[in-house]
Amino acid sequence: ITSEYYAKQLTDLLESALSKLPTREATIIRLHFGVKDEPRSLEQIGKIMSMTPERVRQIKVIALRLVRRTLETDVLRRGLEADSSLFGLINEPAEPAPTL
């Protein structure tokens, strides 16, 4: 149950991040990593999108930075401190100091 919960959280966060990308960038990420389909090579994506594989690679790098930034922001905004360690995006919160 726990792993299903984390998988759902990760899927929701990823879909949210991809929905905020420009169409071209989101398409490249979805095709390259096989989101809801088979993964495709840079060359295959280049043919589909009429680009060189190198240009696809460049756009993919930029898009991944944007996805990571969006995921970090969403994790912080949603207050998923317990889940954040799963995604490796932010450090675990420090234990509160004991009160005297």
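Fair warning: this is a prediction, and the values are worked out from it, not measured in the lab.
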Give me the atom names and distance for the closest heavy-atom approach of S41 to Q44. N-OE1, 2.8 Å

Salt-bridge criterion met for R68 and E72 (N-O under 4.0 Å): yes

Are the side chains of L14 and V67 in touch, meaning some heavy atoms are under 4.5 Å apart? yes

Using the side chain to side chain contact (heavy atoms under 4.5 Å, CB included) rule, pick out the option among L42, L21, L64, V56 that qualifies with I28. V56

CD1 of I45 to NZ of K47, rounded to nearest 0.5 Å, is 12.5 Å

Applying a strict under-4.5 Å side-chain criterion to I, L, V, M, F, W and Y, I'd like to know whether L66 and I59 cluster together. no

Decide, yes or no, whether a salt bridge links E43 with R57 under the criterion of side-chain N to carboxylate O below 4.0 Å. no

Would you say the side chain of K36 lies within less than 4.5 Å of the side chain of R30, judging by non-hydrogen atoms? no

Whether over 12 other heavy atoms sit under 6.0 Å from E54 CD: yes

Are M51 and Q58 side-chain neighbours, meaning at least one heavy-atom pair lies under 4.5 Å? no

Distance-only, no hydrogens or angles: does the H32 side chain make a donor-acceptor pair with backbone N or O of P39 under 3.5 Å? no

I'd like to know if the side chain of S16 and the backbone of D12 have a donor-acceptor N/O pair within less than 3.5 Å. no

Find out if a path of hydrophobic residues (ILVMFWY) with successive side-chain heavy-atom gaps under 4.5 Å connects L71 to I62. yes

